[in-house]
Amino acid sequence: SFLSSSFVQLCLLAIRKTRTLAVPLGGCFLVNAPLNCLTMPGGDDISDRIDAFLLDLRLGRLQSSYEVARGTMLIMRKLISQCRWGCAGELLERIRVEGKKLVSAHPSETAVANIVRRVLKIVRDEYASALKGDKAGSDVGSELHVLFSGGAETDYSKPVPNLKASVIEVINEHLSDLEGSADNIASQALEHIHSDEVIMTFGKSTTVHAFLKGAARKRKFHVIVIESGPSYQGQVMAKKLSDAGIETTLATDSAIFALMSRVNTVIIGTHTVMADGGLKALNGVHALALAAKHHSVPVIVCAALFKLSPHFPCSYDQDTFNKIVSPHDVMSFSEGDRVSKVQIQNAVFDYVPPDLVSLFISNGQVFVVVVVSGCPYVVLFGFFSECMLVCLLCLCLSLSFGEKLTSLLSIFLTVEAMPRH
């Protein structure tokens, strides 16, 4: 308390530079051992990197979910490679602590929590594989047995040689998959877009842009871009598509219903795919999906796997689900006399129920969510799809005649409308 604030700031700056702890005692300073629990070789500090990433999250400098997911994965890799830990238990605890800090900085960015969970699973799988001496990892049967039986808790305090190298190797593989997710989704474009079709999309999406460019290599089609007010990111999307040689029309949000009768397919991106199969997408996508359902237009969603979230939407928890931004885009602050008399909620996201979505296209898998008696079920097109359909049909046998007929028709119509793989 006897030190001035400016002197304290100078001391803190010296501590950050020298990475030593200076304790004032009777007018002199005792310098303790270096604070190296978060110090990395090469002169960088992982805490500085995390603080910079947190600042970017809070200020909205990371524009897309891909940038958020990639930044989180890089932070986790640095944390694992350059922090000191003795066993897998200490590493898991450190990842949980730093992961909670990242998630609390921006709760609506579900990609951060998804990547942290993925890294935790990588560490646990590599630890279990090293103990068993099986480099291929645990099989699906053992994972399902542990899932349904509960199983005993694993002891992560045993030292495992080369655990760091194996975890970092798997993280690097996931990073390469993450970086190639948009190209992987774009490679499937020719199977879903045909010549002379009219495609409608909403706002700006990097994945949808790559998807449409991939189809434009061999097909000619027309794209209607909804400008997505009040951010008007659709204008940027329309310019990019036009520069790529795709015939493009820019339309306002109010023209969605009027133009939908001319549209063959709606292709959109999303911020998150919720656990019930619904979407956490840009504000206005719900109205787009309702218009598409009225005109029987299929809605295709392009979403990478890192956007799949285990959370369910909660109407009472809008602080976590949604993101409220400044109302300046809706009503300028220069209109002070009007702004002072109204309350403006400028929400960023919409929730789209799963029954309004026809098909999901992800990197490596195409699937659809079928809602049977209020419960969502995922049907994968490809391996095991016939088996899953049989399970769904058996489930329908326990329903009443009306529910059974409706569910069977919805399943068969959905399957017949999808392309064959």
Side-chain angles (χ1 to χ4, degrees), residues 180-228 233-253 255-270 279 281-282 284-285 287-304 352 356-369 379-382 385 410 412-421:
S181 58
D183 295 334
N184 196 319
I185 294 174
S187 64
Q188 308 173 51
L190 293 176
E191 302 173 5
H192 302 278
I193 297 179
H194 306 285
S195 298
D196 300 326
E197 282 191 339
V198 178
I199 310 296
M200 179 176 285
T201 187
F202 190 91
K204 185 183 74 170
S205 172
T206 305
T207 307
V208 174
H209 176 253
F211 190 81
L212 294 175
K213 280 186 65 177
R217 289 179 294 134
K218 295 185 178 180
R219 305 275 164 81
K220 274 195 168 186
F221 52 90
H222 184 84
V223 179
I224 300 175
V225 182
I226 305 301
E227 60 182 3
S228 177
Q233 291 295 312
Q235 298 177 2
V236 181
M237 180 74 166
K239 186 178 185 306
K240 287 184 176 181
L241 293 175
S242 179
D243 294 341
I246 301 175
E247 187 179 355
T248 308
T249 299
L250 182 66
T252 61
D253 296 19
I256 290 177
F257 193 84
L259 295 174
M260 188 60 69
S261 59
R262 307 178 184 179
V263 175
N264 299 106
T265 309
V266 173
I267 301 177
I268 57 174
T270 183
L279 304 180
L282 285 177
V285 173
L288 174 70
L290 288 173
K293 182 179 181 179
H294 180 81
H295 290 278
S296 300
V297 177
V299 177
I300 298 178
V301 179
C302 299
V352 182
L356 298 181
V357 180
S358 306
L359 185 70
F360 290 91
I361 302 177
S362 185
N363 45 326
Q365 189 63 65
V366 178
F367 59 95
V368 62
V369 177
V379 179
L380 302 176
F381 288 88
S385 60
S410 64
F412 281 120
L413 289 176
T414 303
V415 172
E416 289 300 323
M418 295 303 107
R420 299 297 179 180
H421 291 271

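Please read all numbers here as calculations on a predicted model, not as lab measurements.
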So, does [X] use its side chain to make a donor-acceptor pair with the main chain of [Y] at under 3.5 Å?
X    : Y    : value
R217 : G214 : yes
D253 : S228 : yes
T201 : I267 : yes
T248 : I246 : yes
R219 : I193 : yes
S362 : A303 : yes

Once you round to the nearest 0.5 Å, how far does [atom1] of [X] lie from [atom2] of [Y]?
X    : Y    : atom1 : atom2 : answer
M260 : I224 : CE    : CD1   : 8.5 Å
F211 : D183 : CZ    : CG    : 13.0 Å
S358 : H192 : OG    : NE2   : 12.0 Å
L282 : I268 : CG    : CD1   : 9.0 Å

(message) Among V208, L241, T249, exactly one meets side chain to side chain contact (heavy atoms under 4.5 Å, CB included) together with V223. Which residue is that?
(response)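 The single option meeting the side chain to side chain contact (heavy atoms under 4.5 Å, CB included) with V223 is L241.
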
(request) Run through I300, L279, V299 and flag the one making a side chain to side chain contact (heavy atoms under 4.5 Å, CB included) with F360. (result)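 Exactly one candidate clears the test, L279.
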
(message) Tell me the closest heavy-atom pair linking K204 and M237, and the distance in Å.
(response)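 The pair with the smallest heavy-atom distance is CA-CB, 3.9 Å.
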
